[in-house]
Structures are given as C-alpha cells and as structure tokens.
Protein chains: 2
Amino acid sequence: MGRNSLKDERRKEIIEKYYLVAKKEGLENTSIAKIATEMQINPSLIIHYFKNKEELNYALIDFILEKYLVIYKRQKLAEDDHKSYLIELIDKLFSKKWNTLFNDSVFYSCYAMGFRDKKIKEKFKSLQDALRRHLAEILLRCNDSGAIQIESPEKTADLIYVLVDGAYYYSSLVSEKAEYELKLKDYKQYALSVLKI
Amino acid sequence: MGRNSLKDERRKEIIEKYYLVAKKEGLENTSIAKIATEMQINPSLIIHYFKNKEELNYALIDFILEKYLVIYKRQKLAEDDHKSYLIELIDKLFSKKWNTLFNDSVFYSCYAMGFRDKKIKEKFKSLQDALRRHLAEILLRCNDSGAIQIESPEKTADLIYVLVDGAYYYSSLVSEKAEYELKLKDYKQYALSVLKI
DNA sequence: TTATTAATTGAATGTTCATTCAAAAATACT
DNA sequence: AGTATTTTTGAATGAACATTCAATTAATAA
C-alpha cells in the first residue's frame, strides 16, 4: 500500500530537461535550480531523486551514451548478409546523424568530465571499446565469408573509428553545410578504401 | 613619469596559474578567487588586468593554442630537404608530445566552450586550418620535388589531421602506456602509407 | 620633495549555488 | 476512515561566485 512510485519516469524527465538546458546554456552553466525552474518544480525534488549533482551527472552521461545505440539500430536485412550490414554500418558512421544526435558542446563537456572522474572515463572507454569490438567482429565475419580481405580485423576496426572520431572532431568546426558534407564523403571514401571495398 | 607597467608579465602569470589550477580542478571548477588564492593576490587584481572572466577565458584559449607552435618548432635541417621535414613532422604529429603538452581535461573543456562562443570557435578553426594548409604546402613541395607522389595535397593533409585528431581523441582514454604507444605507432604507419612513403 | 602613474588591497555588493530538513499534499490499500 | 508510502513544497543554510569601488601602497621622474 501507499502511493505508487514515479521514480523512473521522474528521473528520466529530469535528465532530459538537464540535457535540454545544457544544450541551451552549456553544461557548466547548468544548475539544479535552472533545471527545476524549467520543469516548474522545486530544486529539492531533483535532489530527492538524485541525491547530489554527481549522481545527476552520471545519469546524464548514461543518457548521452545511450544515444549511440540509435545509430546501431539496424534496418531489416538478411541475417547472414554480412557485407551489406558492413556497408550499411560504415554509411551510418559517416553520416550526418552524429551531428543531429549529439550536441557538440554538451558532448565534449561530458568527455572533458571524464578526465576528472574515473567512473565517467570508464563509461566512455567501455562504450568505445564495445563499438570497436563489434566492428572487428563484423570484419572478421566478412573476411571469413570472403566478402573482404583484410589483414587484421581488430586493427582495421580501430583505424576506422579513429577516422570516425577525427572526422567528427574536425567537422564540428566546419560551419558550411556543403563543405561539411563533402568532407564527410571523403572520409567515408578513405574508410572504404581501407577495407578495400 | 610614474610607476612602470607590469601588465604584460602579470597577465602572463595569471593565465599560467589559471591553466595550472584548471589542470588540477577542472576548468569549470576554476574561479577567479581560486586563481587569486593560488597566487596569493587579491581577486580584484585579476579583474584589474582582465576586466572580466570572458576576457580571462579568451586569454587562456590563446595560451593553450600557442602550445601547438612548440610541436612545429623545427630542428635544424637543410632548408630544401622537404622530405626530411615531412617525415620529421609526421613523427611529431604522432608522438607522445601531444599528451605531455596538453592537459586533456582542460583542452576538451576549452574546445567545448567554442560551441557556446563564436570567438573561441573561430580561434580553434583558424588554427586547425592553418595547420592543414601548412601540411598541404609541404606535401605539394614534396610532390614537386618528386619525393612523394600523391593526388591531392589538400585532401591528403586533411586526412592526415583527421587521423591525428582521432588518434588523440581515442588515445586519451587508453591508460596502459604500452598499449597507447602501440596504437600510436599503428596510426602513424597508416599515415605514412597514405603518403606512400 | 613632490607630482604622477600603476599596482595592489580590502571591503562590500548581490547573485547563484548545492544541499538539508521538516512539513504538507497526494495517492493507494485495508 | 485510517494508515502507509511517495511526491512535492518551501524555507533556510552557508559557501562560493564575479564584479564594484574607494583607499592605500609602491615605484618613477622631474
């Protein structure tokens, strides 16, 4: 008996608003009070659900990193068509989706936080490693099925992601849309040439 | 007549301390008061030299971006030996120097600031563009002298820096020193293969 | 010595911050 | 109706913040 818990929903609402305010004002200028104002609730309610700002930040990082999964959601394709999947994946990795999915300011602020907080750094690292392992796995299968011929799937996967990360880093400075898309296309081309596709 | 100005020296001291405190505490947790305490001076003296925090931040960005030049300081080599210069440059770009020169936390915090401040973004962009143009110039000369044969110096320079940036981004998460150096070596190898050296 | 200029201090401003605590309101079950 | 549980509020805390202003101290040159 007693009142039903709204914990999960409320926590989610709070984090979403946190992200929204951070997009508008910058992460370092976002306070519990501001989130509360935006939600028209009392600041202490946020503390009630998150204990302190540190916990709030952890939840925000999780929220942001979960966005990665969106990119990896696969369209329907024949289960064993590894090569199509690979090409589709490369396509997504070098798509504009990244820039619509992530807010650069918030993203790099979170990344910077990782260097002052071991737990956050670990979150980033384990995600990146998982992504690399996943790609390496795909490459291995493609190799096995003769779809591609590369030497080391692990090293190649690593290299592809270095290209992705480097592309994302530099592209975020490019304001001209046309130039931006042109560059992205070039980088993708290089990635494909690494795979000898 | 009147007292001599210490403006330049003082400003430099302040920025250096700012960077130092930011390294220790994180940029977003660094206040004028903290810098002043560290310097054993009055907070208002910092305002006296920088007007407000915004100006202080601009100066910090300049300070950080100037560090790039250190990497480009050339050892003595024959003036017209373009290929040696190129190899030396690639060597430096993929060296551990980056990580000793820049504090990751402060660097990415500054980078993030760029997305909320046009002036800062411009500073980053124009530096990166200058670096790319410089490398493209070297590549062009090497091409002309027959030292290398590549299609587009501009595109290649761009690609090399995408590799550098991506490598720096990912490597900063790698804590194992041996693994870190191994990766760096691989990325450099790929850069060289792009140049067909 | 005196006038001039710049460095530096110190106190005060008002704002925002994260966090605490107790009290109230809302909801659910018996 | 009554009890248990959770949500939510509201007031209060003390600390830290950027910035201001006037006053003081220190150096320099005439």
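A, B, ... follow the sequence lines: proteins, then strands. Residue 1 opens every chain.
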Rounded to the nearest Å, what distance is computed from the [atom1] atom of residue [X] to the [atom2] atom of nucleotide [N]?
{"X": "A/N29", "N": "C/dT15", "atom1": "CG", "atom2": "P", "value": "18 Å"}
{"X": "B/L6", "N": "D/dA27", "atom1": "CG", "atom2": "P", "value": "10 Å"}
{"X": "A/E25", "N": "C/dT16", "atom1": "CD", "atom2": "C1'", "value": "13 Å"}
{"X": "B/Y18", "N": "D/dC17", "atom1": "OH", "atom2": "P", "value": "12 Å"}
{"X": "A/E28", "N": "D/dA16", "atom1": "CD", "atom2": "P", "value": "20 Å"}
{"X": "A/I41", "N": "C/dA18", "atom1": "CD1", "atom2": "P", "value": "13 Å"}
{"X": "A/M39", "N": "D/dT9", "atom1": "CE", "atom2": "C1'", "value": "15 Å"}
{"X": "A/I46", "N": "D/dT6", "atom1": "CD1", "atom2": "P", "value": "20 Å"}

In terms of side-chain heavy atoms of [X], which of [options] is nearest?
{"X": "B/P43", "options": "D/dT19, D/dA18, D/dT7", "result": "D/dT19"}
{"X": "A/S44", "options": "D/dG10, D/dT19, D/dT28", "result": "D/dG10"}
{"X": "B/K7", "options": "D/dT7, C/dA7, D/dC17", "result": "C/dA7"}
{"X": "A/K53", "options": "C/dA18, D/dA18, C/dC21", "result": "C/dA18"}
{"X": "B/H48", "options": "D/dG10, C/dT8, C/dT19", "result": "C/dT8"}
{"X": "A/I47", "options": "C/dC17, C/dA18, D/dT19", "result": "C/dA18"}

Report task. Between A/L45 and B/R3, just flag the one whose closest nucleotide in DNA chain D comes earlier from the 5' side. Result -> A/L45

Answer yes if the ring centres of [X] and [Y] are under 6.0 angstrom apart, and no otherwise.
{"X": "A/Y169", "Y": "B/Y111", "result": "yes"}
{"X": "A/Y170", "Y": "B/Y161", "result": "no"}
{"X": "B/F107", "Y": "B/W98", "result": "no"}
{"X": "A/F102", "Y": "A/Y68", "result": "yes"}

Query raised in the report: Does a side-chain N-to-carboxylate-O contact under 4.0 Å join A/E137 and A/R141?
Result: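 Yes, A/E137 and A/R141 are salt-bridged.
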
Using a cut-off of less than 4.0 Å, is there contact between a side-chain N or O of [X] and OP1 or OP2 of [N]?
{"X": "B/N42", "N": "C/dT8", "value": "no"}
{"X": "A/N4", "N": "C/dA28", "value": "yes"}
{"X": "B/S5", "N": "C/dA6", "value": "no"}
{"X": "A/Y49", "N": "D/dT8", "value": "yes"}
{"X": "B/R10", "N": "C/dA6", "value": "no"}

Requested in this report: Taking all non-hydrogen atoms of both residues into account, name the closest pair between B/A36 and B/N42 and its distance.
Outcome: CB-C, 4.0 Å

Query raised in the report: Between B/G2 and B/Q40, who's closer to the 5' end of DNA chain C by nearest nucleotide?
Result: B/G2

